[in-house]
Amino acid sequence: MTNQKKLLLIDGSSVAFRAFFALYNQIDRFRNNNGLHTNAIYGFHLMLDNLLERIQPTHVLVAFDAGKTTFRTEMFADYKAGRAKTPEEFREQFPYIREMLAARGIAYYDLAQYEADDIIGTLAKMAENASENYQVTIVSGDKDLIQLTDVNTVVEISKKGVAEFEAFTPDYLMEKMGITPTQFIDLKALMGDKSDNIPGVTKIGEKTGLKLLLEHGSLEGIYDHINEMKKSKMKENLINDKDQAFLSKTLATIDTQSPIEIGLDDTAFTGPDLEKLAAFYDEMGFVQFKNALGGEAVPQDFDVAYTEPSQVTEDHFSSDDFFYFEILGDNYHIEPIIGFAWGNDKQIYASTDTDLLKSEAFQAALSKAVNIYDFKRSKVLLSHLGIDLPTANFDARLAKYLLSTVEDNELSTIARLYTDLPLETNEVVYGKGAKRAVPEKEVLLSHLAKKVKVLQVAKPVMLEKLAEHSQSELLFDMELPLANVLAKMEIAGIKVKGQTLNEMAVENQVVIDKLTQEIYEMAGEEFNINSPKQLGVILFEKMELPLEYTKKTKTGYSTAVDVLERLAPIAPIVAKILEYRQITKLQSTYVLGLQDYILEDGKIHTRYVQDLTQTGRLSSVDPNLQNIPVRLEQGRLIRKAFVPSTEDAVLLSSDYSQIELRVLAHISGDEHLIAAFKEGADIHTSTAMRVFGIEKPEDVTPNDRRNAKAVNFGIVYGISDFGLSNNLGISRKKAKEYINTYFERYPGIKAYMENVVREAKDKGYVETLFHRRRELPDINSRNFNVRNFAERTAINSPIQGSAADILKIAMINLDKALVEGGYKTKMLLQVHDEIVLEVPNDELVAMKALVKETMEAAVELAVPLIADENDGRTWYEAK
DNA sequence: TGGTTCACG
DNA sequence: ACGTACGTGAACCAC
């Protein structure tokens, strides 16, 4: 349609607020020369870019709230009362956002006594009723505007960052919540809104509100039928709060007839005034935006001179060289080196000829401590060529991980964060998915040379930041030495007997086939049992199992294990399905899945990802050897396939006992928890005694201990009554009691939690015992859920992270002891609080002592560290 | 590609 | 009143 007009209406106040908090963690980076904060301006700009590009509007208007008093406050003095004060860093940016809009040719408007909502509502209504054909998009961070969605009006609510939105149309709203846009107002009238201080009806939340609306259609409908309702607390609340409910409805209703003095024509998008905009960018210090203006400007790339040598001598190397080795995919155990580059700030070399690496000169250069990006990957790659890479003195990838876990640790990211060099991403240079391929040589070598250049420039910047964070030791004494240990473990691999797995596969398949037939029969039809969607339909529609047992997911009914377990007693098919789930999981992920990873040497070589987790733990991929079944016997049998690589050796497993609770005892300094560990008490029994007031350990029943154990877990995770009640299947009230008593009896723990959250709010991050840092940008979020999550994270991360640090130290020390002692024993696996070693029989006695001693002495805490050991001919037996 | 489920600490 | 336990990876389905 040629005459189609597109109107974009933006809730400026709410979007600016979103932008401010989306970039809050980087607030110090966003300041112009005058010290003005610019994060909200910048974020607003990004969001506009995204919207203009995507929607291509012909008309745009940004509406702002006018001031503190509105017609709503006249009706209800407390409207929006109790809101936190707008931070000054935010307020100061407001005039500049308007300046930016003016320079970009975007209309903006506010109206005394009215909110941005009302302006938007009025214009949207005008557009719906206009004789011309308008397609309207409303953008806000505030869900209230959903009530404005209509035939030609989409309401997009920003979800995350500046580019993710949830688009509401009347159909989508119906599908998602089962209500119309008008009913959305009624829902808010019932629920109220804490952030606007709209009261609503006591004790009615979204669930109850939706139920009432489904039944009665509207707020008015509910009160028309109130007398027919059964006596209940809810009915009483509805009656008592009737006036409040209708007041809330009025407050929540957006005024689509507000007396605005502008019309649709005034919102026409004229495009930017380039001169004004350039001056504005200069004032704000927005270099990238400024460059993008000129057309020629944004350097998408930079040039770097390099040489491609046909052979190398020692003259090609210097002690300050950086080395970079490239592969196309992720799995460096099976991928070949496609090219490499090295050099310093004077000279860079690049090549695709791996024979160069085998030269004496190259090997000599690599035998010294190198500057590198991804030492572990490089060491493994070179090992395939028979080349040793013993040590590094700097690894830019690990350094980036320690500095911040918010973004990935790719070189393009490092370039963006720590240099002015715009390095293209690997995805741009090599393509992605099926299109990934080695580019022509000049392109490849030039890209590799640029990487070396970026590394050279970034290193001093990163070193300085590490020092600022007190993280230099963490890099040089922990992550770098660990990378070496992990490389050796990955190269060693663990032997897995395909034969054993094969036998299990055959046995399992018989059971699976039988279960499949039984389930089909009981269901009365064949369907895909693996599809939660199809299964949900069978259980809850065809077989009409009670819906109270399930919860809704986005795609249908939940068929998760906790749901099925509750259904099992009333429907025999469910027990079969549980059995089916368990065994097919084993079959596909482990029994069959693992076989694909057994290489020609009969071993599995996992990769430990050292730069991923938010807490400092490792992760394990291709395959994941950190989640091999152990809890259920049937799954545990998988471990029989994991064996030593020689006949005369065993597997030795050693794991820390209760390391996270010990770390918590240390960090919190809680005297009771410390005492319990010092006495060598069973910690869950000890907790049970204190929390449930039991005098003697022998009077603690298994159930008491189980409950106490759940409480202890909860404490480590940043407890909530809901989580605990869910886990233990007890009421929330009961769970709340447990928690309160726990905090009374362990005041040090309570104090720790309060302190760590306070500190996180203050600094924006938390730290482990060894200065590993986790940034928590959401810790001051206005969103209850988001903030609570960040608070639990603040509690958990130092505990989980310090425990991870401790095992890392133990691994480094143990590796050193193995090398120095000339042992043949090899470390093979790490599973968060456990290490698995392959030990020749004649070293077993010595090794048991050495491993235990090394793990227990890794660090000195206020409580003892204890490691328990087991050995056997298979991992199954080493339990 | 995102959602769901389930394996581990 | 809100709607949650912390940290991961892989298989499978459905779009």
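The chains referred to below are lettered A, B, ... by the order of the sequence lines, with proteins before strands, and numbering in each begins at 1.
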**Prompt:** What residues, two or more places apart in sequence or in another chain, satisfy salt bridge (charged side-chain N to carboxylate O under 4.0 Å, His left out) together with A/Glu565?
**Reply:** none
**Asked** Just checking, is any N or O donor in the side chain of A/Ser14 or A/Asp142 under 3.5 Å from an acceptor N or O on the other one?
**Response** no
**Request:** Determine the contact category for A/Ala710: base if any of its heavy atoms lies under 4.0 Å from a base atom, sugar-phosphate if only primed atoms, P, OP1 or OP2 are that close, otherwise nothing.
**Result:** base
**Item:** Inter- and intrachain pairs under side chain to side chain donor-acceptor pair (under 3.5 Å), touching residues 725-735 of chain A, at least two apart
**Value:** none
**Request:** For the pair A/Lys176 and A/Glu206, find out whether any cationic side-chain nitrogen is under 4.0 Å from an anionic carboxylate oxygen.
**Result:** no
**Closest heavy-atom pair and its distance - A/Met504, A/Ile638** = CE-N, 3.8 Å
**Message:** Show the nearest heavy-atom pair for residues A/Ala878 and A/Leu651, with the distance to one decimal.
**Reply:** CB-O, 3.6 Å
**Complete:** In terms of heavy-atom contacts, A/Leu724 and A/Ala735 come closest through CD2-O, 3.8 Å
**Asked** If you pin A/Gln614 and A/Met191 to their nearest nucleotides in DNA chain C, which one's is more 5'?
**Response** A/Met191
**Asked** Checking all strands, does A/Thr793 fall into the base, sugar-phosphate, or nothing category for heavy-atom contacts under 4.0 angstrom?
**Response** sugar-phosphate
**Item:** Donor on one side chain, acceptor on other, A/Tyr172 and A/Glu166, under 3.5 Å
**Value:** yes
**Request:** Quick one: label A/Asp655 by what it contacts on the DNA or RNA (base, sugar-phosphate, nothing), any heavy atom closer than 4.0 Å.
**Result:** nothing
**Request:** Please measure how far the C1' atom in C/dC2 lies from the corresponding atom in B/dC6, and state the result in whole Å.
**Result:** 29 Å
**Request:** Identify whether the distance between the nearest side-chain nitrogen and carboxylate oxygen of A/Arg772 and A/Glu479 falls below 4.0 Å.
**Result:** yes
**Message:** Testing the basics here: between A/Tyr401 and A/Gly616, what is the closest heavy-atom pair and its distance to 0.1 Å?
**Reply:** OH-CA, 3.4 Å
**Request:** Scan A/Phe722 against the nucleic acid and name what it touches under 4.0 Å (heavy atoms): base, sugar-phosphate only, or nothing.
**Result:** base
**Prompt:** So what does A/Gly718 hit on the nucleic acid, given a heavy-atom distance under 4.0 Å: a base, only sugar-phosphate, or nothing?
**Reply:** nothing
**Request:** Scan A/Asn726 against the nucleic acid and name what it touches under 4.0 Å (heavy atoms): base, sugar-phosphate only, or nothing.
**Result:** nothing
**Prompt:** When you compare C/dA5 with B/dT5, how far apart are their P atoms, in angstrom units rounded to a whole number?
**Reply:** 13 Å
**Asked** Looking for any heavy atom pair under 4.0 Å, which part of the strands does A/Arg774 touch: base, sugar-phosphate only, or nothing?
**Response** sugar-phosphate
**Fill in**
In B/S/- notation (B base, S sugar-phosphate only, - none; protein heavy atoms under 4.0 Å), nucleotides 3-9 of chain B written 5' to 3' is SSSBBBB
**Asked** With no hydrogens and no angle check, do the side chains of A/Glu834 and A/Ser653 hold a donor and an acceptor under 3.5 Å apart?
**Response** yes
**Fill in**
Sequence neighbours excluded, the answer for salt bridge (charged side-chain N to carboxylate O under 4.0 Å, His left out) partners of A/Lys551 is A/Asp562
**Asked** Base, sugar-phosphate alone, or nothing: which one does A/Asn788 contact when heavy atoms must sit under 4.0 Å apart?
**Response** base
**First and last nucleotide of DNA chain C, 5' to 3', lying under 4.0 Å from heavy atoms of chain A** = C/dA1 to C/dC15
**Message:** Does A/Ser797 reach a base, just sugar-phosphate, or nothing at all? Heavy atoms under 4.0 Å.
**Reply:** nothing
**Prompt:** NA contact type, A/Thr615, heavy-atom cut-off 4.0 Å: base, sugar-phosphate, or nothing?
**Reply:** sugar-phosphate
**Request:** Could you run through DNA chain C and flag its stems, i.e. three or more consecutive Watson-Crick or G-U pairs with both distances under 3.5 Å?
**Result:** B:1-9 with C:6-14
**Request:** Would you mind classifying the nucleic acid contact of A/Val716 as base, sugar-phosphate or nothing, using non-hydrogen atoms under 4.0 angstrom?
**Result:** nothing
